[in-house]
Amino acid sequence: MPELPEVEVVRRGLERWVAHRSVTDAEVLHPRAVRRHLAGPDDFTQRLKGRHIGTPSRRGKYLWLPLEESNESVLAHLGMSGQLLVQPHEAPDEKHLRVRIRFADALGTELRFVDQRTFGGLSLHDNTPEGLPDVIAHISRDPLDPLFDEDAFHRALRRKRTTIKRALLDQSLISGVGNIYADEALWRARIHYERPTAGFTRPRTADLLTHIRDVMNEALAVGGTSFDSLYVNVNGESGYFDRSLDAYGREGLPCRRCGTPIRRRPWMNRSSYFCPKCQRAPRAAS
DNA sequence: ACCACTACCTGCATGC
DNA sequence: TGCATGCAGGTAGTGG
């Protein structure tokens, strides 16, 4: 379940192992993995040949490899189970290998996109004047971006007629937050996931953002969260933050603050984990 | 215009 | 043992 910290770990790996290499060949083993590339798999591979990779960038859960000497990028989204791996040529193909990219140098490694559930994918796009792939122009800056507009985020919360967890997962309001870090930040801020955003005060918004940034930075420091081993860095290694989770996946276990058993509630075809004592449900709307 | 819900996909755990 | 069901969940598109 790659969210911002996990994607950033991958971005850093690509910066170290893939940046400034030139592509000799790309191979699409499953067309669904490039479905966002509307011109099709053949166009994707043809246009990648001979191109030079720049410094990888990221916004929220999206990352992209700029192609030097042009205004295009290879956009990547890991979906729920996507992996970008730097592997030796001789490593056997992974069961769910979807795309392979080979390079011109003698380093002996290739870039592989592996994705069990194929919710993620790669695609090639023109950049906006800001250097962002055009198809993700609607994605908001993320809370670790120095240019994240905290005031605009607060005003958006006040304007919306929705609840806080929905808002946190709305990538056009704030990006990079998924189900795990939403539950973790709400637990830290002692806010129930169904609290309406319209009543948020400026201090409450600021406090929640501080907790979001804290939990993400702590996860980043230990290589991200690997809840079910599907998430790995470019070298195939798992992170350790799952050991530090306070709410997510802890149904029935004591809240680390007050000892009350953590509850799980079905929510939007997934789950919300929360402490029923620390995170009081809002009064039902009349 | 805004908000909420669902399809998409596969592997694993669980229940009968 | 084998089959069915539920669950994991980010995003874009649809329906209200």
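Order of the sequence lines fixes the chain letters, A, B, ..., with proteins taken first and strands second; residue numbering starts at 1 for each chain.
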Handout entry: Shortest side-chain distance from A:Arg166, nucleotide among C:dG10, B:dC5, B:dT10
Key = B:dC5

Exercise for the section: Select one nucleotide: of C:dG10, C:dA8, C:dA12, the one nearest the side-chain heavy atoms of A:Glu3. Expected result: C:dG10

Fill in the blank from the handout: Regarding the side chain of A:Tyr62, the nearest nucleotide among C:dT11, B:dC8, B:dG11 is C:dT11

Problem - Interatomic distance where CG belongs to A:Asp115 and P belongs to B:dG11 [whole Å] - result: 11 Å

Practice task
Round to a whole Å and report the spacing from CG of A:Leu157 to P of B:dC3.
Solution key: 11 Å

Practice task
Using a heavy-atom cut-off of under 4.0 Å over every strand shown, decide if A:His138 touches base, sugar-phosphate, or nothing.
Solution key: sugar-phosphate

Exercise for the section: Could you please name the option among B:dA4, C:dT11, B:dC8 that lies closest to any side-chain atom of A:Thr162? Expected result: B:dA4

Exercise for the section: Report the base-pairing partner of C:dT1 (Watson-Crick or G-U wobble, both distances below 3.5 angstrom), or none. Expected result: none

Exercise for the section: Look at the side-chain N and O atoms of A:Arg36 and state whether any lies under 4.0 Å from the OP1 or OP2 oxygen of C:dA12. Expected result: yes

Exercise for the section: Could you tell me whether the phosphate oxygens of B:dT10, OP1 or OP2, come under 4.0 Å of any side-chain nitrogen or oxygen in A:Ser81? Expected result: no

Problem - A:Arg16, CZ atom: more than 12 neighbouring heavy atoms under 6.0 Å - result: no

Exercise for the section: Could you check how far CG of A:Leu173 sits from P of B:dC2, rounded to whole Å? Expected result: 11 Å

Problem - Over 12 non-hydrogen atoms of neighbours within 6.0 angstrom of NZ in A:Lys49 - result: yes

Problem - Short side-chain N/O contact to C:dG10 OP1/OP2 from A:His77, under 4.0 Å - result: no

Problem - Qualifying residue, where the test is side-chain contact (heavy atoms from CB on, under 4.5 Å) with A:Val114 and the options are A:Lys95, A:Gln87, A:His96 - result: A:His96

Exercise for the section: For B:dG11, take OP1 and OP2 only and decide whether either is under 4.0 Å from a side-chain N or O of A:Lys95. Expected result: yes

Handout entry: Distance, rounded to the nearest Å, where A:Trp267 contributes CH2 and C:dG10 contributes C1'
Key = 12 Å

Fill in the blank from the handout: On DNA chain B, more 5' by nearest nucleotide between A:Thr163 and A:Arg98 is A:Thr163

Problem - Interatomic distance, A:Met268 CE vs C:dT11 P [rounded to whole Å] - result: 12 Å

Fill in the blank from the handout: Rounded to whole Å, CG of A:Asn269 lies from P of C:dG10 at a distance of 12 Å

Exercise for the section: Examine B:dC2: is either OP1 or OP2 under 4.0 Å from a nitrogen or oxygen in the side chain of A:Lys160? Give yes or no. Expected result: no

Practice task
Counting heavy atoms from C-beta on, name the nucleotide in B:dT6, B:dC8, B:dT10 closest to the side chain of A:His96.
Solution key: B:dT10

Handout entry: Close aromatic pair by centroid cut-off 6.0 Å: A:Phe200 and A:His154
Key = no

Exercise for the section: Could you tell me whether the side chain of A:Gln279 and the main chain of A:Cys275 form a donor-acceptor pair under 3.5 Å? Expected result: yes

Exercise for the section: Would you mind classifying the nucleic acid contact of A:Arg264 as base, sugar-phosphate or nothing, using non-hydrogen atoms under 4.0 angstrom? Expected result: sugar-phosphate

Fill in the blank from the handout: In whole angstroms, the gap separating P of C:dA8 from CG of A:Asp183 amounts to 11 Å

Practice task
Indicate yes or no: does A:Glu184 engage A:Arg188 in a salt bridge with an N to O separation below 4.0 Å.
Solution key: no

Handout entry: Side chain of A:Arg161 (C-beta onward), nearest among B:dC3, B:dT6, B:dT10
Key = B:dC3

Practice task
Please evaluate the base of C:dG10 for a donor-acceptor partner in the side chain of A:Arg270 within a cut-off of under 3.5 Å?
Solution key: yes

Practice task
Please report, rounded to the nearest Å, how far the P atom of C:dT11 is from the CG atom of A:Leu63.
Solution key: 12 Å

Practice task
For the side chain of A:Gln116, starting at C-beta, report the closest nucleotide among B:dT10, C:dG10, B:dC9.
Solution key: B:dT10

Problem - 5'-most by nearest nucleotide on DNA chain C - A:Val135 or A:Phe119 - result: A:Phe119

